[in-house]
Amino acid sequence: MPKTFHRTDRVSAQIRRELGTLVHNLVRVHGLPSVSVSDVEITRDMAHAKIFVTALMPERAAEAMKGLKELAWELRMDLAKAMKLRHVPELHFHYDDSVDRGERIDNLLRDLPDTLAAEKNREAEDGDDETK
């Protein structure tokens with residue numbers, strides 16, 4: 001069965017590519033914290049686009065999101081110049097915390113062997129105390 005690629009999928013991929021460079025340039029010009037576009041979801045009528053961004057410094061994510069929301073109109077105009085669309089969707093920025101959650105899980109898993117070793121040592125010491 002052949003795969004079908006919907007126009008919305010192709011448009012969202014193109015928007016993600018274009019916004020990646022536009023956001024990078026705009027962040028540098030306006031002195032905002034560094035962010036990258038991780039995903040774009042577009043409605044079927046292509047009137048609205050959810051732009052998911054990830055901050056390189058999670059502690060400054062709120063500042064970056066505020067700046068992007070203020071600059072959404074400017075980004076939309078730049079996107080209209082870069083893409084050949086009759087109607088450029090309205091941009092809605094959302095913070096993508098999946099990278100932060102993944103990093104936290106990775107750190108927990110990395111610390112797990114240390115925790116298990118400490119637990120085994122405690123059990124061994126408790127066993128020695130009971131035999132005395």
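Note that the coordinates shown come from a computational prediction; the quantities given were computed from them, not determined experimentally. Along the sequence shown, residues carry numbers from 1.
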When rounded to the nearest 0.5 angstrom, what is the spacing between [atom1] in [X] and [atom2] in [Y]?
X: Ile15; Y: Met46; atom1: CD1; atom2: CE; answer: 8.5 Å
X: Arg10; Y: Ile42; atom1: CZ; atom2: CD1; answer: 11.5 Å
X: Leu91; Y: Leu22; atom1: CG; atom2: CG; answer: 10.0 Å
X: Lys50; Y: Ser12; atom1: NZ; atom2: OG; answer: 13.0 Å

- Sequence-distant partners of Asp45, salt bridge (Lys or Arg N to Asp or Glu O under 4.0 Å), two or more places apart: none
- Test salt bridge (Lys or Arg N to Asp or Glu O under 4.0 Å) applied to Asp97 - qualifying residues, sequence neighbours left out: Arg101
- What one should report as the nearest heavy-atom pair of Ala49 and Val40 is CB-CG1, 4.4 Å
- Message: For a quick test of reading the model, state the closest non-hydrogen atom pair linking Phe93 to Ala72 and the distance between them.
- Response: CE1-CB, 3.9 Å
- Message: side-chain contact (heavy atoms from CB on, under 4.5 Å), that's the test. Do His6 and Arg44 meet it? Break it down for me.
- Response: CA-CA 10 Å; His6 299 284; Arg44 284 183 62 118; over 6 Å; no
- Give every residue pair that meets the ring pair (Phe, Tyr, Trp, His ring centres under 6.0 Å) criterion with at least one member in residues 38-66, sequence neighbours excluded. His48-His92, Phe52-His94
- Message: Run the side chain to side chain donor-acceptor pair (under 3.5 Å) test on Asn107 and Arg104 for me, step by step, so that the C-alpha distance in whole Å, both residues' side-chain angles and the decisive distance to 0.1 Å come before the verdict.
- Response: CA-CA 5 Å; Asn107 288 337; Arg104 197 178 105 245; over 6 Å; no
- Minimum side-chain heavy-atom gap Val53-Asp96 below 4.5 Å: no
- Task: Under the side-chain contact (heavy atoms from CB on, under 4.5 Å) rule, what do Leu71 and Leu32 come out as? Steps first, then yes or no, please.
- Result: CA-CA 11 Å; Leu71 297 169; Leu32 295 173; 3.9 Å; yes
- Message: Enumerate the side chain to side chain donor-acceptor pair (under 3.5 Å) contacts for residues 24-33, please, sequence neighbours excluded, ordered by first and then second residue.
- Response: Asn25-Arg28
- Item | Residue pairs involving residues 54-69 (criterion salt bridge (charged side-chain N to carboxylate O under 4.0 Å, His left out); sequence neighbours excluded) | Arg60-Glu63
- Item | side chain to side chain contact (heavy atoms under 4.5 Å, CB included) partner of Val35, the single match among Thr54, Leu68, Leu26 | Leu68
Under 3.5 Å, which donor-acceptor pairs do the side chains of residues 74-87 form with other protein atoms, sequence neighbours left out?
from: Arg76; atom 1: NE; to: Val88; atom 2: O; distance (Å): 3.1
from: Arg76; atom 1: NE; to: Pro89; atom 2: O; distance (Å): 3.3
from: Arg76; atom 1: NH2; to: Val88; atom 2: O; distance (Å): 2.7

